[in-house]
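To start, the structure under review is shown below, and the notes come after it.
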Protein chains: 2
Amino acid sequence: MTVTLADVAARAQVSPATVSRVLNGNYPVAATTRERVLKAVDELDYVLNGPASALAAATSDLVGILVNDIADPFFGIMAGAIQSEIGGPGGRAGGERLAVVCNTGGSPERELTYLTLLQRQRAAAVVLTGGAMEDAAHQAAVAAKLRRLSEAGTRVVLCGRPPAPETGAVALTFDNRGGGRELTEHLLGLGHRRLGYIAGPRERTTTRHRLEGHRAALVAHGIEEDPRWTVHGRYDRQSGYEATLELLRRDPSLTAVVAANDSVALGACAALRDSGLRIPDDVSVAGFDDLPFSIDAVPALTTVRLPLAEAGARAGRVAMGREEAPAGGIATVRGELMVRGSSGGPRG
Amino acid sequence: MTVTLADVAARAQVSPATVSRVLNGNYPVAATTRERVLKAVDELDYVLNGPASALAAATSDLVGILVNDIADPFFGIMAGAIQSEIGGPGGRAGGERLAVVCNTGGSPERELTYLTLLQRQRAAAVVLTGGAMEDAAHQAAVAAKLRRLSEAGTRVVLCGRPPAPETGAVALTFDNRGGGRELTEHLLGLGHRRLGYIAGPRERTTTRHRLEGHRAALVAHGIEEDPRWTVHGRYDRQSGYEATLELLRRDPSLTAVVAANDSVALGACAALRDSGLRIPDDVSVAGFDDLPFSIDAVPALTTVRLPLAEAGARAGRVAMGREEAPAGGIATVRGELMVRGSSGGPRG
DNA sequence: AGTCGTGCAGCAAGCGCTTTCTACACAGCG
DNA sequence: CGCTGTGTAGAAAGCGCTTGCTGCACGACT
């Protein structure tokens, strides 16, 4: 039924070994022979059997990219950049690799299962993107898996995720703490003293780091934080909307709202507008990430730009062994404060 | 070095065959034996060798999802929905499948190469999303590949993509033409008579269909279209910005701008604002797709909602054989007009 | 002219798993 | 007490490919 190497070999009047060598191009084959083989491949419409090949060669051309939410451009942009460096078809790299992105949906179990699946496929590399869960048991489980993957020769890279010590994984970590701090300092510099903070889900490293940066800025300015000023939510627009209403209810005198990310900030803007408040005249708003749509908000969003594409590209190259890993296996990627129209001095 | 089935068998004091059967659970194994095997698996930290398994069983648990641009939520949302139905880890489905999304970047070659790669892996199913290239040669090549895939037992589903006759592929097609027509009719109903249109890239089916719908509406209302009113661009924000300036330059008397999609519409809004025009007082704007951020534009975007998640979910189920394919292998998915603040009656 | 590279091609042994077919108990039956 | 049926485990033959090693020409040496 399906065409095999042997069929091609028979048609080209050579041994299967020769066909294999022509296809892999890692062994001298006479030009005329090669031609003959290629012709046969073409005529027979032969397609290599991936599993068989992977089994025999004990290697695979699969590269896995794990993302928390594929519908979120934050991950989409990174994944795209990673993938373009992985080579994938048409990429810079020579060998054709199947770069595949796996959507964990933020679920720890899924993350683990995908890791196992990739381990099963003997993936050439795995890139994990975005914040990690802070659950200790889960982190240990992931660390164990990563270690096992590394040991098996799979290159493991973390992109926008905190380092995983002793796992052999290379980490390109976003400086969420520093970015959060810088952002809040900007607001403080404008004169704001009562700032609401809409944090992401509790058990995420990203959430914690950004919040820590925010608080560090407050502390540095001698501002005592009111516990009512922090609300936790999800990383999406609706959550930002609801959280903002909640913040407003708790303390209507807030003059600024700092959001966990840009989507949340957009929701916050909508909530403020619906509450009859002007931005930034009545309340300033700040986001995080600087996703493409942030500049289109009205007013444009003040936020922290994360070099998603650059970091992803670098992660991709490291995963392919095309770029050296940073010293110590850890690099910190800094964000850049983008001051735009959504932040201004407090009213009065 | 790596643990194999045989190792597990030895430790559990059974034959490799038994271990395999325990793992696959498709053959009666005594409870006590099963326990023993499972214990050994656990102790040895055994992970099945995917390629070997796929080779022996002549099947694979890989499902491919092709998208044009992974950074675009349009595709992200569909991919996420598809993937959640595919089962993936933690999904509804029993068997664990590796649902992988492949980013073609809109390149025909990449699309073809990914298809070959998936064919190589003997993928269980393949879902192609989004518009297709209109290049005849490429379409023929893709059709040939799809046919071959179907014949080899891979289920092929097109989601938001026009049907591919004679390939055995099931198609869930978006009614881009109808949506485009409805949208423009809405604008005409408001009294607009001079409408600019920012189309997507020329060689895409989606582009053509939406434009055809737009023109059909114009024709139905007896409006003769000025060739200056149409500009082609890419499906992104910047393109929308530039195209709008161009439209304005060509004919400053336009009272409405219809965009190829929401991102383009956002760019159009920015360009209009930067040109000192108010929306919708001076110029109305309409998008397409109704991505999550569209409602946050100021004013909120009038657009056509495409049930991306629903269509994706359905495509996923069909790909898994969990839902029957529509009659004739083709279903048309309609959009829904969402009238919001960005459209209003023309000035004057 | 004899000998030794050198360049290419083939042989055959797996890679780690699945699955058919066979084998063996043991229980139930006449 | 022998026979068949049922439930469970094992032996072994591949799945389609890669690759170390062997083998054979042929030209280039001495």
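In the text below, chain A, chain B and the rest are named by the order of the sequence lines, each starting its count at 1.
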Rounded to the Å, how far apart are [X] [atom1] and [N] [atom2]?
| X | N | atom1 | atom2 | result |
| --- | --- | --- | --- | --- |
| B:Gln119 | D:dG16 | CD | P | 15 Å |
| A:Asn24 | D:dC17 | CG | C1' | 9 Å |
| B:Leu44 | C:dG16 | CG | P | 14 Å |
| B:Leu5 | D:dA12 | CG | P | 17 Å |
| B:Gln13 | D:dT8 | CD | C1' | 17 Å |
| B:Tyr27 | C:dC21 | OH | C1' | 9 Å |
| A:Leu23 | D:dG16 | CG | C1' | 13 Å |
| A:Arg122 | C:dG16 | CZ | P | 9 Å |

Grab the N/O contacts between the protein and nucleotides 12-15 of chain C below 3.5 Å, and write none if there aren't any.
{"unit_1": "C:dC15", "atom_1": "O2", "unit_2": "A:Ala56", "atom_2": "N", "d": "3.4"}

Query - Upstream residue (5' side of DNA chain C) when B:Asn26 and B:Thr2 are each assigned their closest nucleotide - result: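 Of the two residues, B:Thr2 wins.
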
**Report entry** Short side-chain N/O contact from B:Thr4 to OP1 or OP2 of C:dG16, under 4.0 Å
**Finding:**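 For C:dG16, OP1/OP2 do not have a side-chain N/O of B:Thr4 under 4.0 Å.
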
Report task. Ignoring backbone atoms, test whether A:Ser15 places a side-chain nitrogen or oxygen under 4.0 Å from the OP1 or OP2 oxygen of C:dC11. Result ->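 For C:dC11, neither OP1 nor OP2 has a side-chain N or O of A:Ser15 closer than 4.0 Å.
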
Requested in this report: State, to the nearest 10°, the angle formed by the axis through the first five base pairs of the helix from C:dA1-D:dT30 to C:dG30-D:dC1 and the axis through its last five.
Outcome: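 The end-segment axes of the helix from C:dA1-D:dT30 to C:dG30-D:dC1 are tilted 50° relative to each other.
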
Keeping the roles fixed (side chain from [X], backbone from [Y]), state whether a donor-acceptor pair exists under 3.5 Å.
| X | Y | result |
| --- | --- | --- |
| A:Thr113 | A:Glu109 | yes |
| B:Glu111 | B:Gly106 | no |
| B:Arg36 | B:Ala12 | yes |
| A:Asp72 | A:Phe74 | yes |
| A:Thr129 | A:Leu66 | yes |
| A:Thr205 | A:Ala132 | yes |

Query raised in the report: Are A:Arg155 and A:Val170 close enough that some pair of their side-chain heavy atoms sits under 4.5 Å apart?
Result: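 Heavy-atom side-chain distance check fails, nothing below 4.5 Å.
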
Report task. For the side chain of A:Thr18, starting at C-beta, report the closest nucleotide among C:dA9, D:dT18, D:dG16. Result ->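 Output: C:dA9.
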
**Report entry** Nearest listed nucleotide, side chain of B:Arg21, among D:dC17, C:dT20, C:dC11
**Finding:**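 Ranking D:dC17, C:dT20, C:dC11 by closest atom to the B:Arg21 side chain puts C:dT20 first.
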
**Report entry** B:Ala30 vs A:Pro51, nearer the 5' end of DNA chain D by closest nucleotide
**Finding:**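 Its nearest nucleotide being more 5', the pick is B:Ala30.
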
Report task. Drop me the distance from A:Ser60's OG to A:Arg97's CZ, to the nearest 0.5 angstrom. Result ->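 Interatomic distance, A:Ser60 OG to A:Arg97 CZ, rounded to 0.5 Å: 8.0 Å.
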
Query raised in the report: Between A:Ser107 and A:Thr104, is a side chain to side chain donor-acceptor pair (under 3.5 Å) present by the stated rule, with each step listed?
Result: CA-CA 6 Å; A:Ser107 144; A:Thr104 66; over 6 Å; no

